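Report on the structure given below.
Positions are given from 1, in the same order as the sequence printed here. Fair warning: this is a prediction, and the values are worked out from it, not measured in the lab.
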Amino acid sequence: MAAPPGPAGQTGAETARLLLEAGAIQVSREQPFVLAAGWASPVYVDCRLLIDRPEWRRAITRMAAESLDPASFDIIAGAETAGIPWASWLAEALDKPLRYVRKRPLGIGRNAQVEGGGVDGQRVLLVDDLTTDGSSKLAFARGLRAAGAEVNQAFCIFHHGAFPGGAERLARLGLTLHPLATWADVLALGSDAGMDAEDRAEMALFLQDPVAWSTAHGGRATLTVPPL
């Protein structure tokens with residue numbers, strides 16, 4: 001399976017360069033990473049490292065604001081936990097109300113899953129830092145919809161997009177995903193971006209058949225999309 005196409009124009013390349021500059025793209029050819037969704041991978045993307053420097057935060061927030069249509073949503077909701085800072089900066093940039101949504105209800109008090117105010121009848125943009133196969137978006141979308149929100153758009157900085165079932169899951173959730181970068185953007189960078197040639201080759205090999213690579217390295221192997 002080839003890497004999915006990245007966002008058009010300079011945005012994908014700039015985001016990929018920022019991820020590399022921040023050390024957010026980590027490659028381990030000998031000991032694979034096991035991602036939250038259960039897939040084994042030789043690469044791990046840690047978008048949380050981008051919160052470190054003001055210039056990185058400003059650049060990502062600017063590109064996010066430019067890539068979205070503010071008229072298409074009323075409220076921005078950050079996904080617990082990594083999506084909350086990005087939702088906050090984006091809400092400030094776009095002058096939008098802010099909420100955050102938990103992975104599951106708190107279990108005390110009002111038992112709320114959505115915090116910061118009501119969302120009933122509002123169009124909500126779900127913001128997270130990363131999307132692997134879309135499985136984590138299920139709980140967030142459910143929580144917002146249970147609170148009465150209309151949720152049909154999600155934003156993330158990086159979309160793995162290589163694993164099976166992700167596009168189908170997002171479609172079944174009724175979510176249009178707006179990523180700033182994908183693996184296609186990373187692999188399109190030249191050697192001047194500072195990527196080790198052997199690391200780049202391993203990434204390309206992995207992306208040819210991520211399921212086979214995951215299976216061979218002790219990770220998830222199923223192609224099925226679980227019920228929503």
Any side-chain heavy atom of [X] within less than 4.5 Å of one from [Y]?
{"X": "H160", "Y": "L35", "answer": "yes"}
{"X": "R99", "Y": "V124", "answer": "no"}
{"X": "R53", "Y": "E21", "answer": "yes"}
{"X": "V114", "Y": "Y100", "answer": "no"}
{"X": "V119", "Y": "V151", "answer": "no"}
{"X": "W56", "Y": "L49", "answer": "no"}
{"X": "W39", "Y": "V34", "answer": "no"}
{"X": "P179", "Y": "I157", "answer": "no"}

query: Listed by chain and number, what are the side chain to side chain contact (heavy atoms under 4.5 Å, CB included) partners of T81, not counting sequence neighbours?
result: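 Residues passing side chain to side chain contact (heavy atoms under 4.5 Å, CB included) with T81: none at all.
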Looking at every non-hydrogen atom in both residues, tell me the closest pair between [X] and [Y] and how far apart they are.
{"X": "G134", "Y": "T131", "result": "N-CG2, 3.8 Å"}
{"X": "S72", "Y": "Q153", "result": "OG-NE2, 2.9 Å"}
{"X": "A162", "Y": "P210", "result": "O-CG, 3.6 Å"}
{"X": "S88", "Y": "L98", "result": "OG-CD2, 3.5 Å"}
{"X": "F33", "Y": "P42", "result": "CE1-O, 3.6 Å"}
{"X": "P97", "Y": "D74", "result": "CD-O, 3.2 Å"}

Return the [atom1] to [atom2] distance between [X] and [Y], rounded to the nearest 0.5 Å.
{"X": "I25", "Y": "L189", "atom1": "CD1", "atom2": "CG", "result": "8.0 Å"}
{"X": "D196", "Y": "M203", "atom1": "CG", "atom2": "CE", "result": "11.0 Å"}
{"X": "Q26", "Y": "D46", "atom1": "CD", "atom2": "CG", "result": "6.0 Å"}
{"X": "T182", "Y": "F158", "atom1": "OG1", "atom2": "CZ", "result": "6.0 Å"}
{"X": "I76", "Y": "E92", "atom1": "CD1", "atom2": "CD", "result": "10.5 Å"}
{"X": "K96", "Y": "L90", "atom1": "NZ", "atom2": "CG", "result": "10.0 Å"}

task: Check step by step if ring-ring contact (aromatic ring centres under 6.0 Å, His included) holds for W86 and F155.
output: CA-CA 10 Å; W86 298 109; F155 166 83; 8.4 Å; no
For [Y], is there an ion pair with [X] - N to carboxylate O distance below 4.0 angstrom?
{"X": "R220", "Y": "D133", "value": "yes"}
{"X": "D128", "Y": "K137", "value": "yes"}
{"X": "R62", "Y": "E14", "value": "yes"}

- request: Kindly confirm or rule out a cation-pi arrangement of K103 over F140, judged by NZ or CZ under 6.0 Å from the six-membered ring centre and within 45° of its axis?
  value: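 No, cation not above the ring by the 6.0 Å, 45° rule.
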message: Tell me whether the rings of W213 and H217 are parallel (<30°), tilted (30 to 60°) or perpendicular (>60°).
response: parallel
query: Between Q122 and L144, is a side-chain contact (heavy atoms from CB on, under 4.5 Å) present by the stated rule, with each step listed?
result: CA-CA 10 Å; Q122 300 296 300; L144 288 164; over 6 Å; no
- prompt: Are L205 and L187 connected in the hydrophobic side-chain network, where two residues link if heavy atoms are under 4.5 Å apart?
  reply: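 No, separate clusters.
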- request: List in chain and number order the residues that pass side-chain hydrogen bond (donor to acceptor under 3.5 Å, both in side chains) with N152, two or more places apart in sequence or in another chain; answer none if no residue qualifies.
  value: E150
message: Checking E115 against I84 for the side-chain contact (heavy atoms from CB on, under 4.5 Å) test, could you report, in this order, the C-alpha distance in whole Å, the side-chain angles of both residues, the deciding distance, and whether it holds?
response: CA-CA 11 Å; E115 301 286 4; I84 295 175; over 6 Å; no
- prompt: Ignoring hydrogens and geometry, is there a side-chain-to-backbone donor-acceptor pair from Q113 to R102 under 3.5 Å?
  reply: yes
field: side-chain contact (heavy atoms from CB on, under 4.5 Å) evaluation trace for L50 with D52
entry: CA-CA 5 Å; L50 288 170; D52 178 28; over 6 Å; no
- prompt: Would you find more than 12 non-hydrogen atoms of other residues, nucleotides or ligands less than 6.0 Å from D95 atom CG?
  reply: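 Atom CG in D95 is not crowded, with 12 or fewer foreign heavy atoms closer than 6.0 Å.
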message: Is there a side-chain contact (heavy atoms from CB on, under 4.5 Å) between W89 and I51? Walk through the geometry before answering.
response: CA-CA 11 Å; W89 292 316; I51 72 175; 3.9 Å; yes
